[in-house]
2 protein chains.
Amino acid sequence: MNEKQYLNEYQPKDYPVVLVTVDTVLFSFIKDELSVLLVKRNNHPYKGHWALPGGFVDQTQDPSLEHAASRNIREKTGIDASYLEQLATLGSGKRDPRGWSVSTAYTALIPHAKCEHFVDSVDDAAWFSVDEALRMKLAFDHTAIIRLALERQHQKALYSFVPVFGLTQPFTITDLRKAHETLIGKPIQRKSFIRRFESSDMFIDTGKVRQERGRPAALYKAKAAIKSFRFVRNLDE
Amino acid sequence: MNEKQYLNEYQPKDYPVVLVTVDTVLFSFIKDELSVLLVKRNNHPYKGHWALPGGFVDQTQDPSLEHAASRNIREKTGIDASYLEQLATLGSGKRDPRGWSVSTAYTALIPHAKCEHFVDSVDDAAWFSVDEALRMKLAFDHTAIIRLALERQHQKALYSFVPVFGLTQPFTITDLRKAHETLIGKPIQRKSFIRRFESSDMFIDTGKVRQERGRPAALYKAKAAIKSFRFVRNLDE
DNA sequence: TCCTTTAGTGACTTTAGGACACTATAGTGG
DNA sequence: CCACTATAGTGTCCTAAAGTCACTAAAGGA
């Protein structure tokens with residue numbers, strides 16, 4: 001049998017089906033607090049429970065897994081996440097009562113201001129503080145997925161500037177430091193952070209300043225390459 | 001409709017099927033050279049091409065994705081990989097001519113001596129040097145998956161002792177350093193490496209030595225916790 | 001005995017974060 | 001106008017850990 005014949009006769013439904021979904025852990029800083037976007041399920045299973053935004057891959061719309069993830073983000077927030085990272089894939093016969101299921105989890109950080117209005121208009125989506133979300137009984141294994149995402153974001157905050165994607169540009173060094181501190185869960189030495197900020201060469205001084213209380217702070221923008229920037233040395237934990 | 005009714009009437013095959021596979025990038029050090037295990041496909045598509053060991057999730061045998069990966073490793077090498085890490089999941093409508101397909105890639109390091117005989121007996125499996133494998137026209141997107149695995153192993157060699165899983169225990173410090181050097185692709189300062197080796201407290205001196213040419217070298221075993229050990233600072237690149 | 005080879009150590013340099021006090025620049029209230 | 005407070009930003013010393021490289025240690029072989 002040649003390949004053409006094989007493909008013509010190939011019937012995938014001769015084999016047991018695996019359900020394929022994506023789930024996204026979307027973080028945002030709301031009043032210096034780390035928040036995660038959840039969606040209320042209005043279908044079985046776990047009907048009425050809160051869950052991570054996500055769903056089945058749609059072969060008519062999604063050329064790739066990552067597309068499925070960003071489509072889900074867009075549907076719930078109205079924006080495209082400029083930082084979207086694949087976290088892990090969970091697959092087992094037990095995680096979904098409908099059958100053997102595989103879910104690829106993604107995580108992203110988005111600036112709250114950019115999507116605040118849209119999220120308010122989507123009536124089954126809402127932001128929860130991470131502490132609160134972890135105490136809730138979420139659908140499927142979504143609590144474990146959030147923990148994985150937190151761990152990943154914590155690590156990234158120690159050796160990269162990925163947390164910058166949770167800020168609206170331009171931003172001050174303190175804005176960025178506070179974002180890191182929120183993800184790490186402890187304060188960072190200001191001087192150390194500023195040194196890393198400057199030595200990284202990943203930021204552009206806009207020349208403008210912002211002033212609230214006290215001395216005005218310089219406003220910066222991040223360069224595009226910041227997404228892949230890495231320090232060789234981690235901050236203290 | 002309640003949940004029970006929903007589940008009874010749920011027909012997954014009402015939706016287009018997604019093919020779910022796992023692929024494993026299995027590395028081993030053969031004469032200080034990094035090698036990767038490949039398997040010759042004897043079915044369409046890519047019949048006759050070399051590919052990564054892997055295949056469809058088998059719902060009758062595999063309780064989880066990771067189980068599917070280790071089962072594939074066991075089938076081709078006869079051993080259980082004590083270090084098996086999930087790499088990434090690739091999913092698109094184009095990577096497999098049979099349809100929309102998702103593959104979760106795993107990577108592992110195994111000691112060559114432990115599986116040499118078994119692999120020789122499996123006539124469609126063979127070790128290739130990484131350079132050679134990357135020059136070959138492999139099935140699906142397996143060349144890209146190997147590159148991902150190499151990148152991951154390279155990073156791990158800079159901040160962990162994961163490469164130890166490619167060695168037969170006990171081993172000398174030089175054995176381990178050479179493993180790291182192979183993954184990083186450049187020499188490491190002996191003194192720096194020894195300092196890290198000792199400060200990590202992840203090794204047990206067996207009291208025995210091994211001697212080839214020159215002064216005998218102390219033999220060590222790795223502690224179980226080594227899998228999750230991390231340095232805060234990377235080696236130079 | 002000396003040469004070669006590989007293992008292991010000593011000691012100085014370099015890098016970069018930690019700590020913390022100091023100065024700078026804004027608003028505010030007497 | 002002058003403290004006082006708040007936040008931004010700097011100067012300086014300390015410390016941890018890697019880089020460098022020469023030295024010593026212990027084996028076999030000519």
Side-chain angles (χ1 to χ4, degrees), chain A residues 31-32 154-161 163 167 170-181 184-221 229-237, chain B residues 31-32 155-161 167 170-181 184-221 229-237:
Chain A
K31 294 186 252 110
D32 279 0
H154 178 116
Q155 289 303 319
K156 292 255 163 179
L158 295 174
Y159 64 75
S160 80
F161 282 125
L167 304 179
F171 50 87
T172 67
I173 300 186
T174 300
D175 292 339
L176 183 54
R177 181 168 50 80
K178 288 212 183 304
H180 281 250
E181 287 173 345
I184 296 173
K186 61 162 263 187
I188 299 168
Q189 286 283 338
R190 282 190 314 131
K191 178 69 179 185
S192 300
F193 194 80
I194 293 171
R195 264 192 304 239
R196 284 167 74 109
F197 187 93
E198 281 166 355
S199 73
S200 71
D201 191 32
M202 282 293 130
F203 301 96
I204 299 160
D205 189 336
T206 62
K208 298 179 181 167
V209 293
R210 190 178 67 203
Q211 196 218 321
E212 284 164 342
R213 295 181 303 281
R215 174 172 168 177
L219 286 165
Y220 297 87
K221 292 192 171 187
F229 181 82
R230 298 275 179 285
F231 287 98
V232 295
R233 186 165 164 184
N234 286 13
L235 290 171
D236 271 12
E237 283 201 270
Chain B
K31 294 186 250 107
D32 278 1
Q155 290 302 320
K156 293 256 164 178
L158 294 175
Y159 64 75
S160 81
F161 282 126
L167 303 178
F171 51 86
T172 67
I173 300 186
T174 300
D175 292 339
L176 184 54
R177 180 168 50 81
K178 289 213 184 304
H180 280 250
E181 288 173 343
I184 297 173
K186 61 162 264 187
I188 299 168
Q189 285 283 341
R190 280 191 315 133
K191 179 67 180 185
S192 300
F193 194 80
I194 293 171
R195 264 193 304 239
R196 285 167 75 109
F197 187 93
E198 281 167 354
S199 74
S200 73
D201 191 32
M202 283 292 131
F203 302 96
I204 299 160
D205 190 335
T206 63
K208 299 181 182 166
V209 293
R210 190 177 66 203
Q211 196 218 322
E212 285 166 339
R213 294 181 302 281
R215 175 172 169 178
L219 286 165
Y220 296 87
K221 292 191 172 188
F229 180 83
R230 298 273 179 286
F231 286 98
V232 294
R233 185 165 166 184
N234 286 12
L235 290 171
D236 271 11
E237 283 200 90

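Quantities reported herein were computed from a predicted structural model and do not represent experimental measurements.
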Problem - For DNA chain D, the residues among residues 184-195 of chain A that have a non-hydrogen atom under 4.0 Å from it - result: Arg190(A), Lys191(A), Ile194(A), Arg195(A)
Exercise for the section: Whole angstrom is fine here: how far is it from OH in Tyr159(A) over to P in dG17(C)? Expected result: 16 Å
Practice task
Return the value, rounded to whole Å, for the distance between atom CD of Gln211(A) and atom C1' of dA24(C).
Solution key: 13 Å
Could you pull out all donor-acceptor pairs under 3.5 Å where a side-chain atom in residues 208-217 of chain A meets a protein atom, sequence neighbours excluded?
from	atom 1	to	atom 2	distance (Å)
Arg210(A)	NH1	Asp175(A)	OD2	3.4
Arg210(A)	NH2	Asp175(A)	OD1	3.0
Arg210(A)	NH2	Asp175(A)	OD2	2.8

Exercise for the section: Report the stems of DNA chain C as range-with-range entries sorted by first number; a stem here is at least three consecutive pairs, Watson-Crick or G-U wobble, both distances under 3.5 Å, and write none if there are none. Expected result: C:1-30 with D:1-30
Exercise for the section: Specify the closest pair of heavy atoms between Leu235(B) and Ala157(B), including all atoms of both residues, with the distance to one decimal. Expected result: CD1-O, 4.1 Å
Practice task
Would you kindly give the CZ-to-C1' distance between Phe231(B) and dA16(C), to the nearest whole Å?
Solution key: 18 Å
Fill in the blank from the handout: To the nearest angstrom, the CG-P distance between Leu158(B) and dA17(D) comes to 18 Å
Problem - Comparing Gly214(B) and Arg213(A) on DNA chain C - which has the more 5′ nearest nucleotide - result: Gly214(B)
Practice task
Determine, step by step, whether Asn234(B) and Tyr159(A) satisfy the side-chain contact (heavy atoms from CB on, under 4.5 Å) criterion, reporting the C-alpha distance in whole Å, the side-chain angles of both residues, the deciding distance to 0.1 Å, and the verdict.
Solution key: CA-CA 11 Å; Asn234(B) 286 12; Tyr159(A) 64 75; over 6 Å; no
Exercise for the section: Hey, can you tell me if Phe197(A) and Phe171(A) have their rings parallel, tilted or perpendicular (30° and 60° cut-offs)? Expected result: perpendicular
Practice task
Let me know the distance between CZ of Phe197(B) and P of dA18(D), rounded to the nearest Å.
Solution key: 15 Å
Exercise for the section: Applying side chain to side chain donor-acceptor pair (under 3.5 Å), name anything that partners Lys156(B), two or more places apart in sequence or on another chain. Expected result: Glu85(B)
Problem - Nucleotide dG19(D), atom P - distance to CZ of Arg177(B) in whole Å - result: 13 Å
Exercise for the section: Could you tell me whether the side chain of Arg215(A) has a donor or acceptor atom within less than 3.5 Å of a complementary atom in the base of dA8(D)? Expected result: yes
Handout entry: Distance, rounded to the nearest Å, where Asn234(A) contributes CG and dA18(D) contributes P
Key = 12 Å
Completion exercise
Between Ser160(A) and His180(A), the two heavy atoms sitting closest are O-CE1, 3.0 Å
Handout entry: Considering all heavy atoms, the nearest Leu176(B)-Phe161(B) contact
Key = CD2-CD2, 3.8 Å
Practice task
Work out which heavy atom in Ile188(B) is nearest to a heavy atom in Arg177(B); give both atom names and the distance.
Solution key: O-CD, 4.0 Å
Practice task
Classify the angle between the aromatic ring planes of Phe231(B) and Phe229(B) as parallel (below 30°), tilted (30 to 60°) or perpendicular (above 60°).
Solution key: perpendicular
Practice task
Name the nucleic acid region contacted by Thr174(B), choosing base, sugar-phosphate or nothing; use a 4.0 angstrom heavy-atom cut-off, strictly under.
Solution key: sugar-phosphate
Practice task
Give the rounded distance in Å between these two atoms: CG of Asp236(A) and C1' of dA16(D).
Solution key: 10 Å
Practice task
Would you list the pairs meeting salt bridge (charged side-chain N to carboxylate O under 4.0 Å, His left out) in which at least one residue belongs to residues 194-206 of chain B, sequence neighbours left out?
Solution key: Asp201(B)-Lys223(B)
Handout entry: Heavy-atom closest contact (Glu181(A) atom, Pro187(A) atom, distance)
Key = OE2-CA, 3.5 Å
Exercise for the section: Go through residues 198-207 of chain A and report each residue with a non-hydrogen atom lying under 4.0 Å from DNA chain C, sorted by number. Expected result: none
